[in-house]
Amino acid sequence: MLDSGSECKMLIRMNWEMLAAIGQLAAVFVGIPSLIYLAVQIREQTKERRQSAVNVLTAQWGDLTCALHDSAELSAIFLRGVQSFADLDAVSKLRFSSFFNRFFNHFEAMYFSYLDGILTASAWGKIDRTLSDFIAYPGIRQWWETRKHWHTEEFGHVVEAIIARGDEPKAYSTYNLREIVAPETSS
């Protein structure tokens, strides 16, 4: 038999154990909603970061294409160059190359954004179709042969796969590209 002192100690010990168990249970009930809230917050921040990255890529794309509509001379070089990079004069080759280096660097950044999950498959599909339209032209392919070593191997494989498809040039098929001449510039 237990004496009353032992019984009292046992009850006190049981009460402390019960309180500890209740405390642990309460921590679980408080912790789970906190973890869910944290997960939701992280997910929302990830969405915001992705959208911000897409917005930056879109703004950069807009800035890049502005060069074409802001300069009749560059537009003429562009349209002549897509037909034949080899037939451009040295200054036009430099300007064409400068534009397409930026252009392809931008496509490469978008490709890696796609691989990193920042761009969706449908967004990359749109970019791939645009890139394919450009690469279909012989002048772009000639230029690529001179500059592909400036890009990553991964992106080079993407471009080479597009070239291998052998798409017909049609992005500017309604333009009369044979009549393109450089606009006169004032000195």
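Numbering of residues begins at 1 and proceeds along the displayed sequence.
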Those residues that, when tested against R147, pass side chain to side chain donor-acceptor pair (under 3.5 Å) (two or more places apart): S97
Contacts of type side chain to side chain donor-acceptor pair (under 3.5 Å), residue R141, not counting sequence neighbours: none
S122 OG to D128 CG distance, which is reported to the nearest 0.5 Å: 12.5 Å
Any donor-acceptor pair under 3.5 Å from Y172 side chain to Q83 backbone: no
Pairs involving residues 102-125, ordered by first then second residue, that meet salt bridge (charged side-chain N to carboxylate O under 4.0 Å, His left out) (sequence neighbours left out): none
For F99, all residues meeting ring-ring contact (aromatic ring centres under 6.0 Å, His included), sequence neighbours excluded: F78, F103
Cluster link L119 to F112, ILVMFWY, side chain under 4.5 Å: yes
Listed partners of T146 passing side chain to side chain donor-acceptor pair (under 3.5 Å), at least two apart: none
Linked, directly or transitively: W150 and F85 (ILVMFWY side chains, under 4.5 Å): no
Let me have the donor-acceptor pairs involving side chains of residues 86-95, under 3.5 Å, with sequence neighbours excluded, atom names and distances please.
{"unit_1": "D87", "atom_1": "OD2", "unit_2": "S84", "atom_2": "OG", "d": "3.2"}
{"unit_1": "D89", "atom_1": "OD1", "unit_2": "V91", "atom_2": "N", "d": "3.1"}
{"unit_1": "D89", "atom_1": "OD1", "unit_2": "S92", "atom_2": "N", "d": "3.0"}
{"unit_1": "D89", "atom_1": "OD1", "unit_2": "S92", "atom_2": "OG", "d": "3.4"}
{"unit_1": "D89", "atom_1": "OD2", "unit_2": "S92", "atom_2": "OG", "d": "2.8"}
{"unit_1": "S92", "atom_1": "OG", "unit_2": "R80", "atom_2": "NH2", "d": "3.4"}
{"unit_1": "R95", "atom_1": "NH1", "unit_2": "E73", "atom_2": "OE1", "d": "3.2"}
{"unit_1": "R95", "atom_1": "NH1", "unit_2": "E73", "atom_2": "OE2", "d": "3.2"}

Do any side-chain atoms of residues 157-169 form donor-acceptor pairs under 3.5 angstrom with protein atoms, and if so which ones, sequence neighbours left out?
{"unit_1": "E160", "atom_1": "OE2", "unit_2": "W144", "atom_2": "NE1", "d": "2.8"}
{"unit_1": "R165", "atom_1": "NH2", "unit_2": "S132", "atom_2": "OG", "d": "2.3"}

Side chain to side chain donor-acceptor pair (under 3.5 Å) partners of K148, counting only residues at least two apart: E145
Atom pair CG (N105) and CG (N101), whose distance is rounded to the nearest 0.5 Å: 6.0 Å
From F100 atom CZ to F107 atom CZ, the distance as rounded to the nearest 0.5 Å: 8.5 Å
For V82 against Y137, the heavy-atom pair lying closest together: O-CB, 3.2 Å
Reported CD1-to-CG distance for the pair I77 and L79, which is rounded to 0.5 angstrom: 10.5 Å
Residues W143, F104; criterion ring-ring contact (aromatic ring centres under 6.0 Å, His included); working and verdict: CA-CA 11 Å; W143 172 83; F104 272 63; 4.9 Å; yes
Side chain to side chain contact (heavy atoms under 4.5 Å, CB included) assessment of F96 paired with I140: CA-CA 10 Å; F96 185 87; I140 304 295; 3.6 Å; yes
